[in-house]
Enquirer: 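To start, I am sharing the structure in question, which I have written as structure tokens.
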Amino acid sequence: MSSIASTVSPRFSETEWQTRVDLAALYRLFVRYGWTDLIYTHISARVPGEDNHYLINPFGPFFDEITASMLVKVDFDGNVVDDSGLEYNQAGHLIHTAVLKVRPEINFVLHTHSRAGTAVSAMRCGLLPVSQHSNIILGTVAYHDYAQVTSDDDECERLGNDLQDNYLMVLRNHGLLACGRTAAEAFWYLYYLEMSCKIQVDVLAAGDDPLLVPPEVVAGLSEYGNPGPEPKGAREWPGLLRQLDRTDSSYRD
Ligand SMILES: [Zn+2]
């Protein structure tokens with residue numbers, strides 16, 4: 001059952017290295033689960049023990065090329081603070097710092113432009129209680145309206161205000177956002193939201209009047225999906241890493 005051990009690079013502390021490996025694994029899982037959009041969208045992780053620093057992908061490599069050591073360290077003002085000489089996607093800075101600044105318990109932020117997620121983001125009805133998948137997460141889904149960004153600071157504040165203490169957000173006409181205290185938890189929430197969106201698109205495409213689950217039943221399932229004392233996804237995460245390791249463990253480099 002053991003996964004392939006990663007050798008800690010002497011350039012990084014052991015805790016930072018573990019975060020880098022988890023973050024690189026998330027990039028590879030995006031490919032595996034079909035959530036990528038060329039080199040766009042981004043996933044970030046707070047650097048443990050370093051106030052105001054986070055890790056994000058260099059702008060250019062595809063997500064199946066991302067490795068732990070190539071991730072770029074950026075401060076909350078947007079400056080690259082490592083000596084990698086790599087660039088990152090500035091558009092990602094706004095979204096990720098908006099969450100990391102106002103939610104100190106959140107350590108991983110995931111953003112997608114997936115086909116089904118973007119489709120649901122353009123539906124006036126929002127996420128519907130049409131599946132078990134959506135019922136589980138409906139208690140922690142927020143919405144953020146699309147707008148011309150006139151000031152990064154204003155947009156950052158608006159995004160944080162809209163998210164409140166939720167773990168998922170539908171970015172209207174844009175895509176999805178998921179948060180987690182751990183990489184496993186952020187993946188778990190995004191998996192349920194992506195599945196919910198695919199199912200909703202299929203149901204509505206079928207043209208039938210969808211059968212909605214009654215609110216009292218949704219409430220019971222949401223209870224299970226709402227954030228609790230233990231981060232979600234801990235049971236699935238080692239298996240997800242084993243899936244990656246069986247085909248390509250280079251994310252650990
Ligand atoms: Zn985006």
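Each ligand, and each atom within it, is numbered from 1 in the order the structure gives. All residue numbers in this chain count up from 1 along the given sequence. Keep in mind it's a predicted model, so treat the numbers as computed, not measured.
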Enquirer: Considering only NZ, NE, NH1 and NH2 on the basic side and carboxylate oxygens on the acidic side, decide whether Arg32 and Asp64 come within less than 4.0 Å.
Expert: no
Enquirer: Is the ring centre of Trp35 less than 6.0 Å from the ring centre of Tyr27?
Expert: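 No, too far apart.
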Enquirer: So how many protein N, O or S atoms does the Zn ion (ligand 1) have within less than 2.8 Å?
Expert: 3
Enquirer: For this output row, return yes or no: ring centroids of Tyr167 and Tyr189 closer than 6.0 angstrom.
Expert: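 Yes.
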Enquirer: Please table the atom pairs, donor to acceptor, closer than 3.5 Å between any side-chain atom in residues 205-227 and protein atoms at least two apart or in another chain.
Expert:
residue: Ser222; atom: OG; partner: Asn135; partner atom: O; Å: 2.9
residue: Ser222; atom: OG; partner: Val218; partner atom: O; Å: 3.0
residue: Asn226; atom: ND2; partner: Ser222; partner atom: O; Å: 3.3

Enquirer: Filter on salt bridge (Lys or Arg N to Asp or Glu O under 4.0 Å), then keep only pairs touching residues 105-116, sequence neighbours left out; what's left?
Expert: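 Output for this query lists Arg103-Glu105.
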Enquirer: Output every pair passing ring pair (Phe, Tyr, Trp, His ring centres under 6.0 Å) with a member in residues 102-134, not counting sequence neighbours, ordered by first then second residue.
Expert: His42-His111, His111-His113, His111-His174, His113-His174, His133-Tyr192
